[in-house]
S.K.: 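Submitted below is the structure of interest, expressed as structure tokens.
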Amino acid sequence: MLKMIRDTLRGKSDSKLLKKQYSFFQSVPGGYGEGDHFLGINNPNIRLVAREYFSRVDFKIITDLLHSKYHEERLLALIMMERQFNKASQKTSFDLQHQKELYQLYLTEIDVINNWDLVDLTAPHIPGRYLLDKKDRSILYQLARSGKLWHERIAILSSHAFIRKGFFTDALKLSEILLHHPHDLIHKAVGWSLREIGKRDLNTELEFLQINSYQSMPRTALRYAIERFPEPLRQRYLKGLA
């Protein structure tokens, strides 16, 4: 089965895309994705393969793909995990156990979830959704304080599952922890989270910006946070006059 999946995936490779991927995902020396390898396969085609095989793969195959040196194989494994998680939505004891095992596998293999697309496409849908009805979400705070870039981004992106249901407390606390992070990828994630909160409750976002001295926020985080504001209000924030 594993060979069949890999052969199917490689059959969708595009040499023109392959040349672009190393730059796009900064896998060049010194980049945040340094050392990663690619096959030249776009996300829609990866999703097609995931749709074909996800219901037939066990954790052994998923884990083998997660340990691949190829970015697309790791993404394929994560998307298949997400599809299995979604399928286990009937809340029977079997479904709940399977969702728990997928969540645990995600955390066990967290170090291979090592680029922004791998994080963004799965963190809200596996750890985020799993923790949605759990009182103990301390793992997200551990990840946010880990000092590891991708763990930190997983923490803040997982909170998007809560935001979508109208629960903002954890997203706001995580945003505060990560607000002055040194990396631009976290600035974007924090700003994105605040923007999503503001789309649902503008006053909550405005309060956060005032309490946390928006004038001293990283500029990228601020721009993302306010990009949906009415233009006059957005300009006041950009000029520090709000």
S.K.: Is the number of heavy atoms from other residues, nucleotides or ligands under 6.0 Å of Tyr103 OH greater than 12?
M.R.: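 Result for OH/Tyr103: enclosed.
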
S.K.: Checking His71 against Asn114: is there a side-chain donor and acceptor pair closer than 3.5 Å?
M.R.: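 No, because no side-chain N or O of Asn114 sits under 3.5 Å from a partner of the opposite role on His71.
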
S.K.: Indicate whether any N or O donor in one side chain lies under 3.5 Å from an N or O acceptor in the other, for Ser158 and Tyr130.
M.R.: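 Side-chain D/A pair, Ser158 to Tyr130: absent.
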
S.K.: Answer with yes or no whether the side chains of Glu109 and His67 bring together a donor and an acceptor at under 3.5 Å.
M.R.: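 Indeed, the side chains of His67 and Glu109 share at least one donor-acceptor pair under 3.5 Å.
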
S.K.: Mind checking salt bridge (charged side-chain N to carboxylate O under 4.0 Å, His left out) for Arg137 and listing every partner two or more places apart, or none if nothing turns up?
M.R.: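 Checked Arg137 against salt bridge (charged side-chain N to carboxylate O under 4.0 Å, His left out); matches are Asp170.
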
S.K.: Give a yes or no on whether Ile61 and Met4 share a hydrophobic cluster (residues Ile, Leu, Val, Met, Phe, Trp, Tyr; joining criterion: side-chain heavy atoms under 4.5 Å apart).
M.R.: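 Same cluster: Ile61 reaches Met4 through Ile, Leu, Val, Met, Phe, Trp or Tyr contacts under 4.5 Å.
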
S.K.: More than 12 heavy atoms of other residues, nucleotides or ligands under 6.0 Å from CD of Glu207: is that the case?
M.R.: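 Counting other residues, nucleotides and ligands, CD of Glu207 stays at 12 neighbours or fewer.
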
S.K.: One thing to verify: whether Arg153 and Asp120 come together as a salt bridge, which I'm taking to mean a side-chain N less than 4.0 angstrom from a carboxylate O.
M.R.: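 Between Arg153 and Asp120 there is a salt bridge, with a charged N closer than 4.0 Å to a carboxylate O.
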
S.K.: Evaluate the side-chain proximity of Tyr106 to Glu82: yes if any heavy-atom separation is below 4.5 Å, no if none is.
M.R.: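 Sidechains of Tyr106 and Glu82: no contact.
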
S.K.: Check the pair Tyr214, Tyr237 against ring-ring contact (aromatic ring centres under 6.0 Å, His included), reporting the backbone distance first and the verdict last.
M.R.: CA-CA 8 Å; Tyr214 73 90; Tyr237 271 92; 4.5 Å; yes

S.K.: Would His125 and Asn86 count as having a side-chain donor-acceptor pair, cut-off 3.5 Å?
M.R.: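 The answer is no; no qualifying pair exists.
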
S.K.: For the residue pair Glu72 / Gln21, report whether a side-chain donor-acceptor contact shorter than 3.5 Å exists.
M.R.: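 Yes, because at least one side-chain N or O of Gln21 sits under 3.5 Å from a partner of the opposite role on Glu72.
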
S.K.: Got a sec, which pairs hit ring-ring contact (aromatic ring centres under 6.0 Å, His included) with one end in residues 181-207, sequence neighbours left out?
M.R.: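 Matches after skipping sequence neighbours: His160-Trp192.
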
S.K.: Is Arg83 positioned over the aromatic face of Phe54, cation under 6.0 angstrom from the ring centre and no more than 45 degrees off axis?
M.R.: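 Ring-cation test returns yes.
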
S.K.: Are more than 12 heavy atoms from other residues, nucleotides or ligands located less than 6.0 Å from atom NZ of Lys165?
M.R.: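 Not more than 12 within 6.0 Å, no.
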
S.K.: When you look at NZ of Lys239, are more than 12 heavy atoms from neighbouring residues, nucleotides or ligands closer to it than 6.0 Å?
M.R.: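 For Lys239, atom NZ is not crowded (no more than 12 foreign heavy atoms under 6.0 Å).
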
S.K.: Could Arg74 and Asp117 be called an ion pair, given the rule that one side-chain N must be under 4.0 Å from one carboxylate O?
M.R.: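 Not counted as a salt bridge, because no side-chain N and carboxylate O are separated by less than 4.0 Å.
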
